[in-house]
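So you know, we letter chains A, B, ... as the sequences are listed, proteins then strands, and number each from 1.
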Amino acid sequence: MNHWLFKSEPDTFGIQDLAKAPKQRTAWDGVRNYQARNMLRDSIKQGDLGLFYHSSCAVPGIAGIVEIVKEGYPDATAFDPKHHHYDPDSMRGEPRWYVVDMKLVRSTRRIIELSELRAHENKSLQDLILLRRGNRLSVMPVTKKEWDFIVSLE
DNA sequence: GCCAACGTTGGC
DNA sequence: GCCAACGTTGGC
């Protein structure tokens, strides 16, 4: 079982939106980055756990824990001309973009803030991809050690 | 294959 | 709103 971190802008879809979703479940759609796509398509497995991270907001940080309930399948929003994430180059016979389905395990009791993670960037979290300079990946792997450490901060 | 231009991300 | 950093595009 592997661990991941998923970024989302709470103004668009935050942890509260996941909590209110039917069955507290959602498809992680709209990813339009090849590196992240490859993870969604190939690496993320049912039963894997993820940190739900709030980005581009007043208090960036980890807001919850999710579990993968369905492995990668084509992102239907890429086929829809009316959709904001429409990609005319993604064909149904040869889909370019993928999603996984996830469900809420729980919200964290508090936001584990980015600034707090940064306080450990020279020690326990020195390899955390999230903290790498200029990092823009919206889906990234987290090691078991990093996971355990981050969860222990809560 | 190079690389400048451009659009996007995301913290501050 | 600013701006650094990055990925993608497209001309050559």
Side-chain angles (χ1 to χ4, degrees), chain A residues 2-21 26-44 48-66 68 71-102 104-143 145-147 149-154:
Chain A
N2 289 313
H3 300 83
W4 308 92
L5 183 146
F6 299 91
K7 278 185 196 168
S8 189
E9 300 184 16
D11 291 348
T12 305
F13 189 87
I15 196 77
Q16 290 88 350
D17 298 300
L18 181 57
K20 281 183 289 189
T26 190
W28 198 257
D29 60 23
V31 171
R32 298 291 181 268
N33 167 283
Y34 287 102
Q35 209 179 337
R37 186 281 308 272
N38 292 346
M39 289 185 262
L40 293 171
R41 187 188 59 189
D42 306 327
S43 308
I44 301 178
D48 283 358
L49 295 175
L51 299 166
F52 192 111
Y53 178 86
H54 282 172
S55 67
S56 293
C57 57
V59 186
I62 290 155
I65 292 173
V66 297
I68 303 306
E71 294 175 13
Y73 62 97
D75 185 345
T77 67
F79 304 138
D80 179 359
K82 295 186 296 293
H83 200 282
H84 180 240
H85 293 300
Y86 175 57
D87 180 358
D89 293 332
S90 183
M91 316 296 180
R92 283 185 187 277
E94 198 179 342
R96 175 176 292 187
W97 305 115
Y98 282 74
V99 305
V100 297
D101 287 357
M102 63 177 61
L104 181 66
V105 173
R106 62 184 177 87
S107 300
T108 48
R109 290 194 301 277
R110 61 185 186 84
I111 301 287
I112 303 170
E113 295 184 28
L114 176 62
S115 59
E116 195 176 345
L117 300 177
R118 283 224 180 276
H120 301 279
E121 69 181 330
N122 293 320
K123 298 167 286 185
S124 306
L125 300 180
Q126 61 181 346
D127 295 323
L128 191 69
I129 296 171
L130 180 73
L131 301 182
R132 281 192 198 154
R133 198 168 64 102
N135 163 68
R136 288 169 49 181
L137 263 186
S138 60
V139 179
M140 66 190 80
V142 173
T143 68
K145 273 188 173 176
E146 290 165 344
W147 176 278
F149 181 80
I150 291 168
V151 168
S152 79
L153 294 174
E154 184 186 2

Between P of B/dT9 and CG of A/Asn33, the distance in whole Å: 10 Å

Under the side chain to side chain contact (heavy atoms under 4.5 Å, CB included) test, which residues partner A/Asp48, sequence neighbours left out? A/Met1, A/Asn2, A/Trp4, A/Ile44, A/Lys45, A/Ile68

Tell me every residue that passes side chain to side chain contact (heavy atoms under 4.5 Å, CB included) with A/Ala19, counting only those two or more places apart in sequence or in another chain. A/Gln24, A/Leu104

A/Glu9: which residues meet the side chain to side chain donor-acceptor pair (under 3.5 Å) condition with it, sequence neighbours left out? none

Which atom pairs, donor and acceptor, lie under 3.5 Å between side-chain atoms of residues 26-33 of chain A and protein residues at least two apart or in another chain?
residue, atom, partner, partner atom, Å
A/Arg32, NE, A/His85, O, 3.1
A/Arg32, NH1, A/Asp75, OD2, 2.9
A/Arg32, NH2, A/Asp75, OD2, 3.4
A/Arg32, NH2, A/Thr77, OG1, 3.0
A/Arg32, NH2, A/His85, O, 2.8
A/Asn33, OD1, A/Gln35, N, 3.0
A/Asn33, OD1, A/Ala36, N, 2.9

Check this one for me: any side-chain N or O of A/Lys7 less than 4.0 Å away from OP1 or OP2 of B/dT9? no

Could you tell me the separation between the CD atom of A/Glu113 and the P atom of B/dG11, rounded to a whole number of Å? 12 Å

For A/Pro74, the side chain to side chain contact (heavy atoms under 4.5 Å, CB included) test, sequence neighbours excluded, returns A/Phe79, A/Pro95, A/Tyr98

Taking distance alone, no hydrogens or angles, what donor-acceptor pairs closer than 3.5 Å link side-chain atoms of residues 51-63 of chain A to residues at least two apart or in another chain?
residue, atom, partner, partner atom, Å
A/His54, NE2, A/Ile15, N, 3.0

Please report, rounded to the nearest Å, how far the P atom of B/dG11 is from the CG atom of A/Asp11. 12 Å

Atom pairs and distances, donor-acceptor, side-chain atoms in residues 125-135 of chain A, under 3.5 Å, two or more places apart:
residue, atom, partner, partner atom, Å
A/Asn135, OD1, A/Leu137, N, 3.2

Distances under 3.5 Å between nitrogen or oxygen atoms of protein and nucleotides 6-8 of chain B:
residue, atom, partner, partner atom, Å
B/dT8, O2, A/Arg136, NH1, 3.3
B/dT8, O2, A/Arg136, NH2, 3.1

Under 4.0 Å, heavy atom to any atom of DNA chain C: which of residues 117-135 of chain A qualify? A/Arg133, A/Gly134

Parallel, tilted or perpendicular: which one describes the rings of A/His120 and A/Phe149, with boundaries at 30° and 60°? perpendicular

My understanding is that only residues two or more places apart in sequence, or in another chain, count here; which of them pass ring pair (Phe, Tyr, Trp, His ring centres under 6.0 Å) with A/Tyr73? none

In residues 50-64 of chain A, which ones come under 4.0 Å of DNA chain B, going by heavy atoms? A/Tyr53, A/Ser55, A/Ser56, A/Pro60

Results of salt bridge (charged side-chain N to carboxylate O under 4.0 Å, His left out) for A/Glu113 - residues two or more places apart only: none

